[in-house]
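Beneath this line is the structure, given in structure tokens, with notes to follow.
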Amino acid sequence: MSNCAIVGINWGDEGKGRMVDLLTEDYDVVVRYQGGGNAGHTVINEHGKFALHLLPSGIFRDGVVNILGNGVALDPENLWAEMQDVMSKGVTLTPDNLKISDRASLLLPWHRDLDELEEMRLGDKKYGSTKQGIAPFYSDKYQKKTVLAGELFYPEELKAHLADLMEWKNLTLTRVYSARPYTMEMLEEWLTVSCEKIKPYICDTGAFLKAAQSGGKKILFEAQLGSLRDLDYGIYPYTTSSNTTAAYAPIGSGLPSARITNVIGVVKAYSTCVGEGPFVCEMFGDEAEELRKAGFEYGAKTGRPRRVGAFDIVATRYGVEVQAATEIALTKLDVLSYMKKIPVCTRYLLNGEQTSRFPFPSALQKATPVIEYLDGWGCDISGVRRFEDLPKKAQEYVNFIEKAIDCPITYVSVGPERDSIIIRK
Ligand code: GDP
């Protein structure tokens, strides 16, 4: 396998972490190329259970080099806490197996404050942010108002740069939000306590990746969230503030010359969505509660109950197209085992007409789902490892989805553990 991206096809939380953890066996390098600590990739392996927020999910494999690319929102404080947690469970992290791009922008302490202050100001109209500072971070990055990780190696210049940024940001904090201003002492403490810890891992990862590519190394690009949260192609403004698509991987990883030949789109066997925004296939009441409990659908970062719904063919087809997915990993099929009849949203009803095209974000609020039911299989499938050993009805469910989304389903996962997987190749 050559270069490969593992991306989310839906609203996030599809199970990308477990797929990266599984597939890293065949790769030399894993790169996180966008997003920040606002999501959690759950990985369960011999070291325990982890919700990785920033660290690439290849971190558990010996010999794999893990990179945080220039496209990520690099939060030194949270990253260091996560590194300590992973190390305390017996995983070795060194500058040889973890490398941070010197061109990654730093999430500054006020970004989290601003995220929280703005959600409070919005009240009922809030976006449902995880309050990790991601939106303020990316807006500042594009305004050129944050600092690059590599600036930590230029302390005098960095202090002057931070003082300028602080003067500007204090205007917003105090005048717009009546919040407390920052002082240089606070920033110096942040530099000493958090930034110094991650400094040994910062390097020119672009040069490393270029050499890895020339040396024929296999590179895996790990995305966060899913197609429908992409800043440009998602359900704006209920998106995240970065590009979650495979097309962004070459830019955000630091290897603009990368050609990504395989795009594995991760799709859940039903739908979930954290936070606000239109979610056409949503279930409510007891039906939703039952599915939420069966799939343990509570946010990895926030613990918030996730909104749940039927598998959405309209949104998934769109997600596959946006990601240019070449194959699909269908996760959590085991969760549906309790259902007698499995609902699937096959089309949307919009302005009195049925459509299979994913609508413009403003129109989504008015769309309602057209639901069809497939037969359930009514038995535990978590021990199955070969497709032909799945109950006939479970095979039919997978085949139905595969045909409807027009992309081969090459992996079916039936449990959260690394080996709870059916490979169909
Ligand atoms: P990610 O952000 O895309 O990596 O997804 P999350 O980690 O937020 O959510 C996936 C959740 O589903 C995690 O709790 C996983 O342990 C769990 N999971 C992944 N695959 C399966 C599966 O096939 N079956 C079950 N029951 N759980 C799974």
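Here the structure is a predicted model, which means the values were calculated and not measured. Just follow the structure's listing: the first ligand is 1, and inside any ligand the first atom is 1.
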task = Give a yes/no on ligand 1: does Gly12 have at least one heavy atom closer than 4.0 angstrom to it?
result = no
ask   = Do any heavy atoms of Arg306 fall under 4.0 Å from ligand 1?
value = yes
Mark up the atoms of ligand 1 that fall under 4.0 Å of a heavy atom belonging to [X], in ascending order.
| X | result |
| --- | --- |
| Val335 | 26 (N) |
| Gly17 | 4 (O) |
| Ser413 | 20 (N), 21 (C), 22 (C), 23 (O) |

remark   = Paired with Asp13, the side-chain hydrogen bond (donor to acceptor under 3.5 Å, both in side chains) test is passed by just one of Lys332, His41, Arg306, Lys268, namely Arg306
query = So, do Leu55 and Leu79 sit near enough that their side-chain heavy atoms are less than 4.5 Å apart?
reply = yes
request  = For residues Tyr177 and Leu114, determine if any side-chain heavy atom of one lies less than 4.5 Å from a side-chain heavy atom of the other.
outcome  = yes
Contact (N/O only, under 3.5 Å) between [X] and ligand 1:
| X | result |
| --- | --- |
| Gly415 | yes |
| Thr331 | no |
| Lys49 | no |

If we set the cut-off at 4.0 Å for heavy atoms, which region of [X] has an atom near ligand 1: side chain, backbone, both, or neither?
| X | answer |
| --- | --- |
| Arg18 | side chain |
| Asp334 | side chain |
| Glu297 | neither |
| Val266 | neither |

ask   = Among Thr146, Ile134, Leu106, which one satisfies side chain to side chain contact (heavy atoms under 4.5 Å, CB included) with His111?
value = Thr146
query = Charged N to carboxylate O under 4.0 angstrom, Asp26 versus Lys218?
reply = no
inquiry  = Holding to salt bridge (charged side-chain N to carboxylate O under 4.0 Å, His left out), I want the full list of residues that pass it with Arg424, two or more places apart in sequence or in another chain.
reply    = Glu402
message = Given 3.5 Å as the limit, does a donor-acceptor pair link the side chain of Arg317 with the main chain of Ala404, or not?
response = yes
In residues 207-216, what donor-acceptor pairs under 3.5 Å come from side-chain atoms, sequence neighbours left out?
unit_1: Gln213; atom_1: NE2; unit_2: Ser257; atom_2: OG; d: 3.2
unit_1: Ser214; atom_1: OG; unit_2: Lys210; atom_2: O; d: 2.9

